[in-house]
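Numbering of residues begins at 1 and proceeds along the displayed sequence.
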Amino acid sequence: MRAFFLTIIILFTSIKASACSAFVCRAKNGVYFAKNFDWQYSHGYIIKNSKGVFKNGYNFKGEHTASWTSKYGSVTFNQIGKEFPFGGMNEEGLVVEQLWNQDDCEYEVFKNSKTISELEWIQFQLDNYKTVDEVIHSLKQITIIPVMAKVHYFIADTSGKSVIIEFINGKTQLIESSDNHQLITNSNYKNSQNYWATHKDTVNKTSGSSLDRYCHLSHSISKLNLDDTIDSEALFKTLLPTRTTQTQWSIVYDITNKEIQFLSRNNPTIKTIKLDNFNFEDNTTIAAKINSETLNFDDYNFDDNKILVDTFQKNFGIPYIDYSMMNTHQMNPKKQLSDSLFKNTVNIKVIFNVKKNSGKIALMLVNSEENYIKRQPIKAAKSNVVDGRVSVMFYSISKGNYAVMAYHDVNNNGKLDTNFLGIPSEPFAFSNNAKGFMGAPKFEKAKFIVDSDTVIDLDIK
């Protein structure tokens, strides 16, 4: 039993998460949005998106995919293809960015809404709205069908208003701020604020964890004199302490002047993009490579986009996406296309009933007896205990046989505590509430069959 859970602990501590950090500040001379983009890969394009273009969302799943005509042009940072941006700014000064949410995220399903994927959601907002209030007012029109990412969104406009949008236990949370700044990293806002309250005087500046980066960035922002004028150099400097070994791009949006400055890990020279220099009524797609030494916007075609899509396929190897069709859609979103491979995926929701209202649940999802024995998950997650219950959603899972293994880190020390014999002293559980004798239960006892969206309940004790 001890060896079994030791393996689980090692696997959980080795899970790599994106480490993005972002903040909005309202200074005397304008509104700014700054972000470090942390990821495994550095390639990508900055793409000009035209207005007056009719679009359909890519139909990953469902019968009510969104369609719209873009009202505003935009400039976006793209790594997996056009129409699927990681963030950007439109000609009216609306900035929409996303950061990976390492705490559990479950997107809200709105009645009678249209559907769209998590990155297309960004392009939809940039295409249709010019203020934070407009985005908030329209939220219930769109339900997100995620392809792979659990994110929270960070949005700001020229008025200085900003909002963090999170999805917790299937409900949308809006976090606004009356301060002269707002920030977020990769933990949800409530957890970040709670950590700040107890650790702001003892920040670990070397850990790189989401919560420590939140505290470090808070201190860094406090050194800015926002009652005076500031410049992009000061903002890049403010981001510097939260850069990690995976920081690929650093971006400063000058929202007031509708300018973007950025640098990349492969090319640290700061480059400037002025949105006023673009003709967004021109339907031609142009783009610039993010890592180029010089900023040159050239014609962007099907083959250029295919390189991004093929690289995405190579890096992630997600088996349930029709990559060729996705590339076709991205370059011609006017046509309604449906991904037959993705339609065969399902979602698994795991609900835990816990006895102690503290700490986190750490769990793994495995898809075969071999992976169960080797403790090799296809998905893993950690989620905070709230009001005696925890729910974790695993999106986009192929149909088949699965098992769940989990433990309750009651004291939040990042490990499963054991007694002097190596027997766990904190609660643990397996799917089907299966029990083993002097060790973990066999896969056959823990496995469950998934051929449609599935909800399982587990007592963790």
Side-chain angles (χ1 to χ4, degrees), residues 16-25 32-49 74-90 95-102 118-119 122-123 126 149 151-156 183-186 208 210 213 216-217 220-221 231-255 258-275 286-297 300 304-305 307-308 311-312 315-316:
K16 293 183 178 179
S18 175
C20 302
S21 307
F23 69 94
V24 171
C25 64
Y32 296 89
F33 188 120
K35 178 188 177 182
N36 282 335
F37 171 73
D38 292 38
W39 195 233
Q40 296 100 312
Y41 311 105
S42 64
H43 66 282
Y45 279 90
I46 302 167
I47 298 178
K48 183 215 82 173
N49 306 279
S74 62
V75 172
T76 54
F77 289 76
N78 298 58
Q79 197 175 75
I80 64 174
K82 187 176 180 292
E83 305 297 329
F84 286 47
F86 285 169
M89 179 165 65
N90 71 17
V95 172
V96 182
E97 280 283 353
Q98 55 77 31
L99 297 85
W100 195 281
N101 188 350
Q102 70 180 34
E118 68 271 35
L119 296 183
I122 296 172
Q123 192 64 59
L126 293 171
V151 302
H152 41 200
Y153 299 104
F154 198 4
I155 307 175
L183 69 151
I184 196 69
T185 54
N186 302 108
S210 172
R213 278 185 289 108
H216 202 177
L217 187 56
S220 189
I221 294 170
D231 55 24
S232 60
E233 182 180 354
L235 298 175
F236 280 115
K237 184 178 180 180
T238 302
L239 284 173
L240 189 60
T242 58
R243 287 178 64 87
T244 72
T245 56
Q246 286 192 320
T247 300
Q248 306 297 347
W249 321 324
S250 292
I251 308 169
V252 171
Y253 297 95
D254 180 344
I255 297 177
K258 302 180 182 64
E259 295 182 0
I260 305 171
Q261 292 192 311
F262 74 98
L263 58 85
S264 68
R265 183 179 182 181
N266 294 341
N267 196 318
T269 302
I270 296 175
K271 302 177 182 65
T272 301
I273 303 168
K274 297 183 178 182
L275 269 69
I286 57 175
K289 290 184 178 180
I290 292 173
N291 289 323
S292 294
E293 290 187 9
T294 58
L295 186 65
N296 296 316
F297 280 86
Y300 183 81
D304 295 324
N305 199 75
I307 291 173
L308 288 186
T311 304
F312 173 53
N315 289 340
F316 291 93

Which residues pass the ring-ring contact (aromatic ring centres under 6.0 Å, His included) test with [X], sequence neighbours left out?
X    : value
Y300 : Y45
F84  : none
F23  : none

Please enumerate all residues that pass side chain to side chain donor-acceptor pair (under 3.5 Å) together with [X], with sequence neighbours excluded.
X    : result
T294 : N296
S232 : Q261
D231 : none

Hey, is the main chain of [Y] close enough, under 3.5 Å, to the side chain of [X] for a donor-acceptor pair?
X    : Y    : value
Q98  : V151 : no
N305 : G81  : no
H152 : T185 : yes
N291 : S264 : no

Which residues pass the salt bridge (Lys or Arg N to Asp or Glu O under 4.0 Å) test with K35, sequence neighbours left out? E97
Taking only residues two or more places apart in sequence, or in another chain, which ones meet [X] in a side-chain contact (heavy atoms from CB on, under 4.5 Å)?
X    : result
K274 : E259, T272, N277
T247 : N36, D38, R243, T244, S250
T269 : N267, K271

NE2 (H43) and CG (N315) are apart, to the nearest 0.5 Å, by 6.0 Å
Which residue pairs satisfy the side chain to side chain donor-acceptor pair (under 3.5 Å) criterion with at least one member in residues 75-84, sequence neighbours excluded? W39-Q79, N49-T76, K55-E83, T76-N78
